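Take a look at the structure below.
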Amino acid sequence: MIRLTIRFLCKSQYTTSLHCMKLLNIHKIEICTMFQKDSTPLVIAGPSGSGKSTLLKRLFKEFPDKFGFSVSHTTRPPRFGEEDGKHYYFTKKEELQKQIDNGEFLETTSYSGNLYGTSKLAVENVQRTGKICILEIEIEGVKQIKNSSLSPLYIFIKPPSINELERRLKGRNTETEESLLRRLTIAKAELEYGEQPGNFDIVIENDNFDKAYQKLREFISSKLNVNT
Ligand SMILES: Nc1ncnc2c1ncn2[C@@H]1O[C@H](COP(=O)(O)OP(=O)(O)OP(=O)(O)O)[C@@H](O)[C@H]1O
């Protein structure tokens with residue numbers, strides 16, 4: 001007997017393969033499934049300054065082998081220290097537009113005259129390593145993902161209040177008066193969308209950091225087949 005070992009990325013791939021084998025009348029192949037873990041990706045969104053990066057940094061630190069970020073594409077030039085393929089795929093505008101038109105992207109967004117986006121391949125690259133793919137994206141991206149083939153879990157991180165969000169953004173020392181104002185204005189619309197029932201699988205208020213992190217950790221381990 002031929003023993004064939006196939007590693008499937010997800011259960012739907014396995015089901016499709018079984019169906020194809022039935023159609024081809026192949027019966028004598030023993031399939032050893034290797035669902036190592038649930039490969040459902042995680043989408044994390046929330047207003048700028050709500051604490052997404054800080055929470056994810058802690059998650060990656062605690063579980064370095066379980067999660068991986070999808071590498072986004074951008075048309076903006078690299079900043080000092082940024083590596084192509086690690087921080088972003090730095091791509092020419094025409095090339096990126098062509099890939100988007102070819103349907104290779106799950107979500108795209110335009111910011112300050114540059115295009116950004118998550119390709120299907122970027123997510124698959126993480127899944128291929130056996131890790132759970134995390135997409136940290138804007139609300140507009142969330143809406144596009146909902147119309148894509150990806151079936152992730154949606155996590156919304158919200159600040160305790162707009163005033164506290166402003167305090168944190170100021171404390172981060174990354175914003176000009178103008179960018180701060182823009183982020184706070186966008187935050188209000190994002191909160192409205194995030195808090196609307198059904199838009200996210202969980203809404204985590206990041207008031208006390210440790211408590212918010214525990215909620216995130218518990219949600220992931222309860223929904224996915226990973227022991228966090
Ligand atoms: N629970 C908390 N209490 C107080 N400060 C916090 C808390 N969580 C995060 N912060 C601080 O708030 C600031 C914003 O957090 P962070 O950079 O993680 O936000 P973000 O959502 O990733 O923002 P962006 O989308 O702009 O990257 C940081 O300086 C961080 O240290």
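Counting convention: from 1, in listed order, for ligands and their atoms alike. Counting from 1, the numbers follow the sequence of the chain as shown. Quantities reported herein were computed from a predicted structural model and do not represent experimental measurements.
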Yes or no: does A212 have any heavy atom under 4.0 Å from an atom of ligand 1? no

Any N or O of R168 that comes nearer than 3.5 Å to an N or O of ligand 1? yes

Just how far is it from atom OG of S161 to atom CD of E205, taken to the nearest 0.5 Å? 8.5 Å

Let me confirm one number: the CG-NZ distance from L55 to K215, rounded to the nearest 0.5 Å. 11.5 Å

Tell me, yes or no, whether the heavy-atom count around K98 atom NZ, taken from other residues, nucleotides or ligands under 6.0 Å, exceeds 12. no

Could you tell me, atom by atom, which parts of ligand 1 come under 4.0 Å of a heavy atom of F209? 1 (N), 8 (N)

Atom NZ of K211: over 12 foreign heavy atoms under 6.0 Å: no

Given side chain to side chain donor-acceptor pair (under 3.5 Å), test R76 with T74 step by step and report yes or no. CA-CA 5 Å; R76 79 154 167 77; T74 182; 4.8 Å; no

Tell me which protein heavy atom sits closest to atom 22 (O) of ligand 1, plus the residue, atom name and distance to 0.1 Å. S53 OG, 2.5 Å

Quick one: look up the protein heavy atom nearest atom 19 (O) of ligand 1 and list residue, atom name and how far away it is. G51 N, 3.2 Å

Under a 4.0 angstrom heavy-atom cut-off, which atoms of ligand 1 come close to R183? 26 (O)

N206: numbered ligand 1 atoms lying under 4.0 Å from its heavy atoms: 1 (N), 2 (C), 7 (C), 8 (N), 9 (C)

Rounded to the nearest 0.5 Å, how far apart are CD of E190 and CD1 of I157? 13.0 Å

Let me confirm one number: the CZ-CG distance from R217 to L59, rounded to the nearest 0.5 Å. 8.5 Å

Contacting atoms of ligand 1, where contact means under 4.0 angstrom from a heavy atom of D207: 1 (N), 2 (C), 3 (N)

Identify the protein heavy atom lying closest to atom 25 (O) of ligand 1, giving its residue, its atom name and the separation to 0.1 Å. K52 NZ, 2.8 Å

Decide whether the shortest distance between a heavy atom of G49 and an atom of ligand 1 is less than 4.0 Å. yes

Verify the neighbour count for atom CD of Q214: are there more than 12 heavy atoms of other residues, nucleotides or ligands below 6.0 Å? yes

Among all protein heavy atoms, pick out the one at the shortest distance from atom 26 (O) of ligand 1; state its residue, atom name and that distance to 0.1 Å. S48 OG, 2.6 Å

In terms of residue, atom name and distance, what is the protein heavy atom nearest to atom 29 (O) of ligand 1? R172 CG, 3.7 Å

Compute the shortest N/O to N/O distance between T54 and ligand 1 and return yes if it is under 3.5 Å, no if not. yes

Could you list which atoms of ligand 1 come closer than 4.0 Å to a heavy atom of P47? 21 (O)

With a heavy-atom distance limit of 4.0 Å, tell me whether T174 approaches ligand 1 through its side chain, its backbone, both, or neither. neither

Give me the one residue out of Y88, F105, Y116 that meets ring pair (Phe, Tyr, Trp, His ring centres under 6.0 Å) with H73. F105

If you draw the axis of the six-membered ring of F63, does the NZ or CZ of K131 fall within 45° of it and under 6.0 Å from the ring centre? no

